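In what follows, a single structure is set out as C-alpha cells and then discussed.
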Amino acid sequence: MDSTRKLLKRALLAAPFLFACFPQLLAAAACRPAQFDEQVSVRYVHDGDTVFLRDGRKLRLIGINTPERARDEQPAEPHSNAARQHLQAMSGNRWSLAYDAERRDRYGRLLAHAFDSQGRNITRRLLASGAGQLLVFPPNLRFVECYRAAQQRARSARRGLWGLAAYQVLSPARLGHGDTGGYRVVRGTLTRIGESRSSLWLNLGERFALRITRGDLDYFDPAAIDGWQQQTLSAQGWVYYRNGQWRMRLRHPAALLERPD
C-alpha cells in the first residue's frame with residue numbers, strides 16, 4: 001500500500017511538468033515522419049542550409065534560409081559562419097531523409113528534410129537556435145507549421161541571428177535605393193489591394209508591395225485577404241527592386257509573421 005501511495009505521489013508531482021512539456025512534445029512529434037525515405041552520410045557542410053553527401057549529391061535542406069557566406073566579391077552576411085557551425089555540429093554519423101513534393105530544385109540540388117541519428121529534425125533545430133529564417137517554398141510544405149513555431153520561439157527569445165541589427169524588422173520606408181535586397185522581414189500597413197493579369201498585389205504604402213502570383217493564390221483565403229485592408233502585416237522573403245518599387249513574393253500564409261486573425 002505504501003509503495004502504491006509513493007507511486008501516486010510521484011505521478012501527481014510529475015503531472016504539471018508533463019503538461020508544461022506537452023506542447024513541445026507535440027511539436028517535436030509533428031516534425032518527424034512515420035518513416036524515412038533514405039539514409040545518407042554527410043561529407044562536407046557548405047553553409048548553414050546546404051551539405052555535400054558522400055555519394056556526391058548536394059543536399060539543400062527544406063524550410064530554412066541561412067545567411068550567405070562570402071563569395072566572389074560579396075562579403076559574408078552576418079551570422080553566416082555561426083549558422084554553418086551549427087549545421088556542422090549536427091552532421092555527424094548518418095542522416096535520415098524525408099522527401100517532400102519536389103526532390104530537386106531548379107539548380108539540380110537534392111531537396112529533403114533531414115534527421116539526425118536520434119531522429120531529431122535538423123531544420124527544426126536550426127530554426128529553434130536562430131541559425132536561420134523560415135523559408136516557405138510551395139509545394140514543399142511538409143512540417144511548415146512546426147518550422148514556423150520553431151522560428152517564432154527563436155525570434156521571441158532574440159536567439160541567434162534574431163538578436164542582430166541586420167535581421168530586425170524593416171519598415172518599407174527604410175528600404176533604400178542603394179539596398180541590394182536579400183532575405184528580409186518587412187512590416188507595414190496594407191493600404192491597397194491591386195490585381196494584374198498574373199498576380200495579386202498587397203501594397204504596404206507606396207514603395208513596397210507583396211506579390212501573390214495566381215498560381216500561389218490557392219494557398220490563401222481570399223476573404224481573409226480582404227479583411228487585411230488597413231491592417232499591419234509582417235512578411236519574410238526575398239526583397240527585390242523593380243519598376244520604382246520594392247517587392248517581395250509571398251508564396252504562402254506561413255511567410256506572414258504578423259497578420260490579423
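Since the model is a prediction, treat every value here as computed from it, not as a measurement. Heavy-atom basis, side chains included; hydrogens, waters and symmetry copies ignored.
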* Asked: Quick one: hydrophobic cluster around W162, which other residues, with the 4.5 Å side-chain cut-off, linked directly or via members?
  -> L161, L164, Y167, V169, V185, L257

* Side chains of L59 and T50: does their closest heavy-atom pair fall under 4.5 Å? -> no

* Asked: Run the side chain to side chain contact (heavy atoms under 4.5 Å, CB included) check on W238 and N65 step by step: do they pass?
  -> CA-CA 10 Å; W238 275 283; N65 178 71; 3.5 Å; yes

* To do: Check for a donor-acceptor pair, side chain of T189 on one end and backbone N or O of Q230 on the other, with a separation under 3.5 Å.
  => no

* Could you tell me whether D116 and R94 make a salt bridge, using a distance below 4.0 angstrom between a side-chain N and a carboxylate O? => no

* Using a side-chain heavy atom cutoff under 4.5 Å and only I, L, V, M, F, W and Y, what cluster partners does L111 have? -> I62

* Asked: How long is the span from the CD1 atom in I122 to the CZ atom in R124, to the nearest 0.5 Å?
  -> 11.5 Å

* **hydrophobic_cluster_shared for L250 and Y240, side chain cutoff 4.5 Å** => no

* Residues in salt bridge (charged side-chain N to carboxylate O under 4.0 Å, His left out) with D226, at least two apart? -> none

* Structure fact -> All heavy atoms of L210 vs all of A235, minimum pair found to be CD2-CB, 3.7 Å

* Side-chain (R159) to main-chain (A128) donor-acceptor, under 3.5 angstrom -> yes

* Where L126 and G48 come nearest, the two heavy atoms and their spacing -> CD1-O, 3.6 Å

* Determine which pairs satisfy ring pair (Phe, Tyr, Trp, His ring centres under 6.0 Å) with at least one residue from residues 31-73, sequence neighbours left out, and list them in order. => F36-F115

* Separation between OG of S41 and CZ of R54, rounded to the nearest 0.5 Å -> 6.0 Å

* Structure fact -> Residue set satisfying salt bridge (charged side-chain N to carboxylate O under 4.0 Å, His left out) with R214, at least two apart, ordered chain then number -> E195

* With no hydrogens and no angle check, is any side-chain donor or acceptor of R207 less than 3.5 Å from a backbone partner on L175? -> yes

* Asked: Is a donor on one side and an acceptor on the other found under 3.5 Å between the side chain of S156 and the backbone of R153?
  -> no

* To do: Apply side chain to side chain contact (heavy atoms under 4.5 Å, CB included) to the pair I193 and Q229, showing each step before the final yes or no.
  => CA-CA 8 Å; I193 299 176; Q229 295 244 30; 3.8 Å; yes

* To do: Evaluate the side chain to side chain contact (heavy atoms under 4.5 Å, CB included) criterion for residues V45 and V51: first the C-alpha distance (whole Å), next the side-chain angles of each, then the deciding distance (0.1 Å), finally the verdict.
  => CA-CA 4 Å; V45 175; V51 302; 4.1 Å; yes

* To do: Just do the side chain to side chain contact (heavy atoms under 4.5 Å, CB included) check on D216 and R249 with the steps written out, would you?
  => CA-CA 10 Å; D216 290 331; R249 184 174 175 183; 3.0 Å; yes

* To do: If the plane angle is over 60° it's perpendicular, under 30° parallel, otherwise tilted; pick one for W228 and F220.
  => perpendicular

* To do: With the side chain counted from C-beta on, respond yes when V136 and Y147 share a heavy-atom pair under 4.5 Å apart, and no when they do not.
  => no

* **pair L141-H252: side-chain heavy atoms closer than 4.5 Å** => yes

* Flag yes if more than 12 heavy atoms outside R187 fall under 6.0 Å of its CZ atom; otherwise flag no. => no

* To do: Kindly indicate, with the supporting measurements, whether the criterion ring pair (Phe, Tyr, Trp, His ring centres under 6.0 Å) is fulfilled by W246 and F208.
  => CA-CA 5 Å; W246 286 99; F208 182 79; 8.3 Å; no

* With a 4.5 Å heavy-atom cut-off, do R158 and Q168 have their side chains touching? -> yes

* Asked: Is the closest side-chain heavy-atom distance between L53 and L110 below 4.5 Å?
  -> yes

* Structure fact -> Interatomic distance, CE@M90 vs OG@S117, rounded to 0.5 Å, equals 12.0 Å

* Check whether any side-chain heavy atom of F137 lies under 4.5 Å from a side-chain heavy atom of D105, and answer yes or no. => no

* To do: Any chance you could measure M248, atom CE, to L204, atom CG, to the nearest 0.5 Å?
  => 9.0 Å

* Any residue meeting salt bridge (charged side-chain N to carboxylate O under 4.0 Å, His left out) with R60, in chain and number order, not counting sequence neighbours -> D49

* Structure fact -> Nearest heavy-atom contact between D100 and P139 is OD1-O, 3.8 Å

* Treating Ile, Leu, Val, Met, Phe, Trp and Tyr as nodes and any side-chain heavy-atom pair under 4.5 angstrom as an edge, say whether L135 and L256 lie in one connected cluster. => no

* Asked: Okay, side chain of N121, backbone of R32: is any donor-acceptor separation there less than 3.5 Å?
  -> no

* Structure fact -> Nearest heavy-atom contact between R125 and R120 is NH1-NH2, 3.4 Å

* Asked: So does Q35 have more than 12 non-hydrogen atoms from other groups sitting under 6.0 Å from CD?
  -> no

* side-chain hydrogen bond (donor to acceptor under 3.5 Å, both in side chains) between R211 and S199: does it pass, once the steps are laid out? -> CA-CA 6 Å; R211 179 192 179 207; S199 306; 2.7 Å; yes

* Asked: Taking all atoms of both residues into account, what is the closest heavy-atom pair of V186 and S171, and its distance?
  -> CG1-C, 4.4 Å

* To do: Give a yes or no on whether the backbone of A101 and the side-chain of N140 come within a donor-acceptor separation of less than 3.5 Å.
  => yes

* **Atom pair CZ/CG of R247 and L202 - distance to nearest 0.5 Å** => 13.0 Å

* Is the backbone N or O of Y99 less than 3.5 Å from a side-chain atom of R142, with the two atoms forming a donor-acceptor pair by type? -> yes

* Is any NZ, NE, NH1 or NH2 atom of the basic residue among E206 and R192 found under 4.0 Å from an Asp or Glu carboxylate oxygen of the other? -> no

* **Short side-chain donor-acceptor distance under 3.5 Å, W201 and S196** => yes

* **Nearest-0.5 Å distance that lies between atom OG1 in T66 and atom CG in L87** => 8.0 Å

* **Basic-acidic side-chain contact under 4.0 Å: R84, D47** => no

* **R104 side chain near R57 side chain, heavy-atom distance below 4.5 Å** => yes

* Y183 and E68: CA distance, side-chain angles, deciding distance, side-chain hydrogen bond (donor to acceptor under 3.5 Å, both in side chains) verdict -> CA-CA 10 Å; Y183 201 83; E68 297 293 334; over 6 Å; no

* **Whether F143 and H113 hold their rings parallel, tilted or perpendicular, with breakpoints at 30° and 60°** => perpendicular

* Asked: Does some side-chain heavy atom of I212 sit less than 4.5 Å from a side-chain heavy atom of R251?
  -> no

* Asked: Taking atom types as modelled and ignoring hydrogens, do the side chains of Q236 and Q151 form a donor-acceptor contact shorter than 3.5 angstrom?
  -> yes

* Do you know the tightest heavy-atom contact between G132 and L127? -> O-CD2, 3.7 Å

